[in-house]
Amino acid sequence: MAKFQAIKGTYDVMPADAPAWQHVESVIRARARAFGFREIRTPEFEDTALFVKGTGEATDIVQKEMYTFTDKGGRSLTLRPEGTPPVIRALIEHGALKESPCVKVFYLAPMFRYERPQAGRLRQHTQFGAEIVGAESPLADAEVIALLFTTLQRLGLSDLTLRLNSVGCPACRPAYRDKLVAHFRPKLETLCGNCRERIDRNPLRILDCKADRDKVQDAPAAVDSLCPSCAAHFERVKSLLEALAVPYALDKTLVRGLDYYTRTAFEVASPHLGAQDALGGGGRYDGLVEQLGGDPAPGVGFGAGLERFLLAIRNQGVPVPAGQRLDVYIAALGMAATVKGAELSGALRGKGYSCEQDLQGRSLKAQLREANKLNARYVLVIGDDELAKGSASLKDMDTHGQREVPFAELANNIEAYCECSCQG
RNA sequence: GUGGAUAUAGCUCAAUUGGUCAGAGCGCUGGACUGUGGCUCCGGAGGUUGCGGGUUCGAGUCCCGUUAUCCACCCCA
């Protein structure tokens, strides 16, 4: 076993896996552009207090999952466990919300959480997230959801389930909370240990309990206790999702784990994942901007895990486009030919072709095998014969055809000989 | 933090009740007309069986510890 290995919960994307990542990333960027979201990049670590205040003191993330350390200046810093607080912080810090009443941004960035790894869960994972800040319109909720949902569809994922719920606002939630407590308090005995604690700490989370799924079904639903404005908002979100052709399933037990959520809560899950089946989730957070020191502004967004995208893609058997093929492989025999090959590869690369040359001084057979493995379109064979004639043997790996081409012509006008797909 | 499973060549895995059991396939590499790929055939390299103890005449094969990985819980992407 190797002396050093990637630390628990982290992993390497080796060259063989890179094309799949690039594909997912490019689909995401294309979708974000289609919806008019602009990219934002924030630091990998922040003031610890940003997450304590933003994510919420009582959340599991803050309680036990943060990578927190003290730097040499005595500052308490934390590796970003989630994307929303840093984004809001940046928008406030740069006055983006004063410059424009509504901002739409997305990010693609690593997140860090100290958790026990399992299928679809890592200590460092990559999130695709998007936020719309400054819009109270239910269309903002619907657009954010549609961005996530259609991105997953574009990736070829199917059997997706979009769970939707509304958890109300500071005006109506307290009353609902009381109803819930009143409902469960008498049945305390029938609840699991976790829920007995939750009834005081955070009763809404009892709805999330997997052990007592059945006992939760007849509990009062948040959607039945919404104040008029939250109820109207939720109705519009639903009809806008229909307008956007995004199928949803109401789930009155869906409660998101972060403190800042208000009104809309949603989650997209795939049956092609393990126990952690959410590809992404999010919701509205109308109080967060103010909470973090900005002028009050509503917001809505989501976070989604790329590793889970890749996992679902693989488990579902969705084909992933292969990486770009090599245009030209130069097989040279001997030092003089190698020098000539270097000269030609320089010229070819200058014209925009991808081109590589043997570095091991191996036999021609071995070089051709290598070219084949690299899926090269053409191979230029250069040996003593070619050097004497002043021309190279240009072999088409797809048709098996081969012809002689003078060195001078090759460098200037290879297109003429590669009737082809080589891109200039 | 809790529970369960697993740790044998680069990868996927074999190895009867502890006694030639350290192997196969793939991959890598060389060759089959000393200059021509993908198929086929032949050869080669590569493992002190995660690590440390113990039991035994003898341990990948049993016991203890340790580390790591995987899966599940909590929770989340």
Side-chain angles (χ1 to χ4, degrees), chain A residues 1-11 14 16 55 58-65 80-84 107-129 148 152 192-195 197-198 202 205 208-211 254-258 267-270 273-282 301-312 329 331-334 337 358 360 362-387 392-402:
Chain A
M1 181 175 288
K3 183 170 183 180
F4 291 108
Q5 51 186 302
I7 62 175
K8 185 193 285 287
T10 69
Y11 62 96
M14 296 304 283
T55 306
T59 61
D60 275 26
I61 287 180
V62 171
Q63 288 294 327
K64 54 183 194 185
E65 297 175 2
R80 171 182 52 208
E82 62 139 342
T84 303
Y107 56 83
L108 220 37
M111 304 293 160
F112 305 84
R113 292 182 200 170
Y114 190 85
E115 298 185 272
R116 282 286 282 272
Q118 73 182 76
R121 173 188 289 156
L122 297 153
R123 289 188 171 178
Q124 175 180 340
H125 73 280
T126 311
Q127 276 192 26
F128 160 40
L148 173 59
L152 296 170
C192 67
N194 278 316
C195 291
E197 288 181 20
R198 290 201 265 227
N202 191 348
R205 302 211 58 78
D208 232 3
C209 184
K210 277 142 197 150
L254 177 66
V255 179
R256 308 240 81 230
L258 309 182
E267 191 172 275
V268 180
S270 164
L273 292 175
Q276 308 307 320
D277 68 349
L279 287 158
F302 68 78
L306 293 225
E307 287 80 2
R308 291 186 185 177
F309 289 12
L310 272 315
L311 201 58
Y329 185 88
L333 297 162
D358 170 70
Q360 323 257 20
R362 299 197 292 178
S363 70
L364 179 59
K365 180 197 288 276
Q367 294 192 51
L368 278 166
R369 254 202 279 266
E370 181 70 11
N372 187 60
K373 197 163 68 183
L374 294 169
N375 191 24
R377 182 66 223 279
Y378 294 98
V379 170
L380 271 183
V381 178
I382 307 170
D384 293 342
D385 296 351
E386 284 79 4
L387 286 176
S393 298
L394 176 66
K395 183 179 177 72
D396 182 320
M397 295 295 277
D398 290 350
T399 67
H400 303 248
Q402 186 166 322

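Here is how names work: the chains are called A, B, and so on, in the same order as the sequence lines, proteins then strands, and each is numbered from 1.
- Between the side chain of A:Glu386 and the base of B:G35, a donor-acceptor pair under 3.5 Å is found.
- Look at B:U20: it lacks any Watson-Crick or wobble partner with both distances under 3.5 angstrom.
- The same atom, C1', is picked in B:A22 and in B:G60; the two are 9 Å apart, to the nearest Å.
- In this structure, A:Gln63 atom CD and B:C76 atom C1' are separated by 15 Å, rounded to whole Å.
- The shortest side-chain heavy-atom distance between A:Leu122 and A:Thr10 does not fall under the 4.5 Å cut-off.
- Base pairing analysis places B:A9 opposite nothing; no Watson-Crick or G-U wobble pair with both distances below 3.5 Å involves it.
- Under the 3.5 Å distance criterion, the side-chain polar atoms of A:Arg80 are matched with a main-chain donor or acceptor of A:Pro110.
- As judged by a 4.0 angstrom heavy-atom cut-off over every strand, A:Gln367 is placed among residues making no nucleic acid contact.
- Across all strands shown, B:U61 forms no Watson-Crick or G-U wobble pair with both distances under 3.5 Å.
- As rounded to whole Å, 15 Å separates atom P of B:A77 from atom CZ of A:Phe128.
- For the pair A:Glu370 CD and B:U29 C1', the interatomic distance rounds to 12 Å; values are reported in whole Å.
- Remark: B:C41 base-pairs with B:G31. Criterion, Watson-Crick or G-U wobble with two distances under 3.5 Å.
- With the nearest nucleotide of RNA chain B identified for both A:Gly401 and A:Arg256, A:Gly401 has the one nearer the 5' end.
- Summarising the geometry, the separation between CG on A:Asp385 and C1' on B:U34 is reported as 14 Å, rounded to the nearest angstrom.
- Listed nucleotides: B:G37, B:G35, B:C73. Nearest to the side chain of A:Lys395: B:G37.
- Taking the side chain as every heavy atom from C-beta outward, A:Leu108 and A:Leu306 approach each other to under 4.5 Å.
- Looking at heavy atoms from C-beta onward, A:Asp398 lies out of side-chain contact with A:Tyr378 at the 4.5 angstrom threshold.
- One finds no side-chain N or O of A:Gln118 lying less than 4.0 angstrom from the OP1 or OP2 phosphate oxygen of B:C70.
- Considering only side-chain N and O atoms, A:Arg121 lies nowhere under 4.0 angstrom from the phosphate OP1 or OP2 of B:A72.
- When heavy atoms are screened at a 4.0 angstrom cut-off, A:Gly383 is found touching base atoms of the nucleic acid.
- Closest approach of A:Gln124 and A:Tyr11 over heavy atoms only: O-CE2, 3.9 Å.
- When the C1' atom is compared between B:G37 and B:U29, the two are found 16 Å apart, to the nearest whole Å.
- Between A:Ser363 and the phosphate of B:G30, there is no side-chain N or O to OP1/OP2 separation shorter than 4.0 Å.
- The phosphate of B:U36 (OP1 or OP2) has no side-chain N or O of A:Lys365 nearer than 4.0 angstrom.
- Side chain of A:Pro117, nearest nucleotide from B:A77, B:G35, B:C70: B:C70.
- Atom name C1', nucleotides B:C39 and B:A72: the rounded distance is 46 Å, in whole Å.
- Within the structure, a side-chain polar atom (N or O) of A:Lys8 is placed less than 4.0 Å from OP1 or OP2 of B:U69.
- Candidate nucleotides B:A77, B:G31, B:G35 were compared by shortest atom distance to the side chain of A:Arg369, and B:G31 ranks first.
- Taking all atoms of both residues into account, the shortest heavy-atom contact from A:Ala371 to A:Val379 is CB-CG2, 3.5 Å.
- Taking atom C1' in both B:G4 and B:A9, one finds a spacing of 29 Å when rounded to whole Å.
- Between the CG atom of A:Leu364 and the P atom of B:A32 there is a distance of 12 Å, given to the nearest Å.
- Within 4.0 Å of A:Gly274, counting heavy atoms only, lie sugar-phosphate atoms of the nucleic acid but no base atom.
- If you check every strand for non-hydrogen atoms under 4.0 Å, A:Ala119 touches sugar and phosphate atoms only.
- Comment: A:Glu267 engages A:Arg256 in a salt bridge, judged by a side-chain N to carboxylate O separation of less than 4.0 angstrom.
- Between the P atoms of B:U16 and B:C74, the separation comes to 39 Å (whole Å).
- When each of B:C76, B:G35, B:C70 is scored by its nearest atom to the side-chain atoms of A:Asp384, the top-ranked nucleotide is B:G35.
- Here the side chain of A:Glu115 pairs no donor or acceptor atom with the backbone of A:Glu65 at under 3.5 angstrom.
- Here B:U67 presents its P atom at 13 Å from CD of A:Gln5, a figure rounded to the nearest Å.
- At the heavy-atom level, A:Arg123 lies nowhere under 4.0 Å from the strands shown.
- Residue contacts for A:Lys373: at a heavy-atom cut-off of 4.0 Å it reaches the sugar-phosphate backbone alone, with no base atom in range.
- Residue A:Gln402 has its side chain nearest to B:U36 when only B:A77, B:G31, B:U36 are considered.
- A 4.5 Å side-chain heavy-atom check between A:Tyr114 and A:Lys64 finds every atom pair outside the cut-off.
- With B:A68, B:C28, B:G30 as the choices, the nucleotide that has an atom nearest any side-chain atom of A:Ala366 turns out to be B:G30.
- The distance from atom CG of A:Leu258 to atom P of B:C76 is 7 Å, rounded to the nearest whole Å.
- In the set B:C76, B:G35, B:A77, B:C76 carries the atom at the smallest distance from any side-chain atom of A:Gln276.
- Taking atom CD on A:Gln360 and atom C1' on B:G30, their separation rounds to 14 Å, with Å as the unit.
- A:Leu368 and A:Lys395 get closest at one heavy-atom pair: CD2-CD, 4.2 Å.
- Taking atom P on both nucleotides, B:G3 is separated from B:G65 by 13 Å, rounded to a whole Å.
- Applying the 90° cutoff around 0 to the glycosidic angle, B:G31 is assigned anti.
- Under the Watson-Crick and G-U wobble criteria, each requiring two contacts below 3.5 Å, nucleotide B:U66 is paired to B:G50.
- Listed candidates were B:G1, B:A77, B:G37. Nearest to the side chain of A:Arg116 is B:G1.
- Across all strands shown, B:A72 forms a Watson-Crick or G-U wobble pair, both distances under 3.5 Å, with B:U2.
- When heavy atoms are screened at a 4.0 angstrom cut-off, A:Leu122 is found touching base atoms of the nucleic acid.
- Looking at heavy-atom distances under 4.0 Å, A:Gln124 makes no contact with the nucleic acid at all.
- Across B:C76, B:C74, B:C73, the shortest atom-to-atom separation from the side chain of A:Ala275 is found for B:C73.
- Distance noted for atom C1' between B:G47 and B:C28: 16 Å (whole Å).
- To the nearest whole angstrom, the two P atoms, one in B:U55 and one in B:U12, are 35 Å apart.
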